[in-house]
Amino acid sequence: MSSIEQALSIIKPDAVERNLDNEIKEMFKHKGFKIIKDKKIQIAKNEAEQFYKVHETKPFYNDLCTYLSSGPIVVMVLEKENAVLGNRKLMGATNPKDAEDGTIRKKYGISIDKNSVHGSDSVENAKIEIDFFFKD
Ligand code: UDP
Ligand code: MG
């Protein structure tokens, strides 16, 4: 069974800083994702801490939140059939060294922390993450 889903995607500071946002958006569109919502923002550290709360016990949590709030990011709602899994596949492995050819992280990721994109890991978390950035 397949169904239309939405996923939250974030183009992280390392990629926005290198002006890669348009190229990354083209990769999504090329794979058939519709970009339903889209905004460039900068978040405060406490907002990053809230967004990544699931990782609060991890050793990398503090650096991760400092990093996500360090510069402009582009947040997007992506839509297509099985968007959550499709986005995870297009992003590639968390560590760009392990990412497959043709993935965003293989192409643009610098390191495990500066890995250019975030993507929701489940339909349930996608709803929470979309609400976090786009609740009107
Ligand atoms: N991260 C890190 N060091 C690690 C693992 C993760 O800096 O050892 C960062 C990395 O930027 C990653 C984010 O924390 O994208 C969230 O980690 P997660 O395991 O959820 O990876 P993702 O879902 O982004 O692939
Ligand atoms: Mg994750």
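Numbers here are sequence positions counted from 1. If you're wondering where the values come from, they're calculated on a predicted model, not measured in any experiment. Read the numbers this way: they start at 1 and go in the same order the structure lists the ligands and their atoms.
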Sorted by chain and residue number, the salt bridge (Lys or Arg N to Asp or Glu O under 4.0 Å) partners of Lys58 (sequence neighbours excluded) come out as none
By salt bridge (Lys or Arg N to Asp or Glu O under 4.0 Å), Asp63 pairs with (sequence neighbours left out) none
| said: For Phe60 and His55, take the angle between the two ring planes, folded into 0 to 90°, and tell me which bin it lands in: parallel under 30, tilted 30 to 60, perpendicular over 60. | reply: tilted
Using heavy atoms and a strict 4.0 Å limit, residues surrounding ligand 1 turn out to be Lys12, His55, Phe60, Leu64, Arg88, Thr94, Arg105, Ile112, Asp113, Asn115
In short, side-chain hydrogen bond (donor to acceptor under 3.5 Å, both in side chains) pairs touching residues 87-108 with sequence neighbours left out are Glu23-Tyr108
Next on the checklist: Between Arg18 and Asp14, does any side-chain N to carboxylate O distance fall below 4.0 Å?
Outcome noted: yes
Are Asn125 and Ile128 side-chain neighbours, meaning at least one heavy-atom pair lies under 4.5 Å?
-> yes
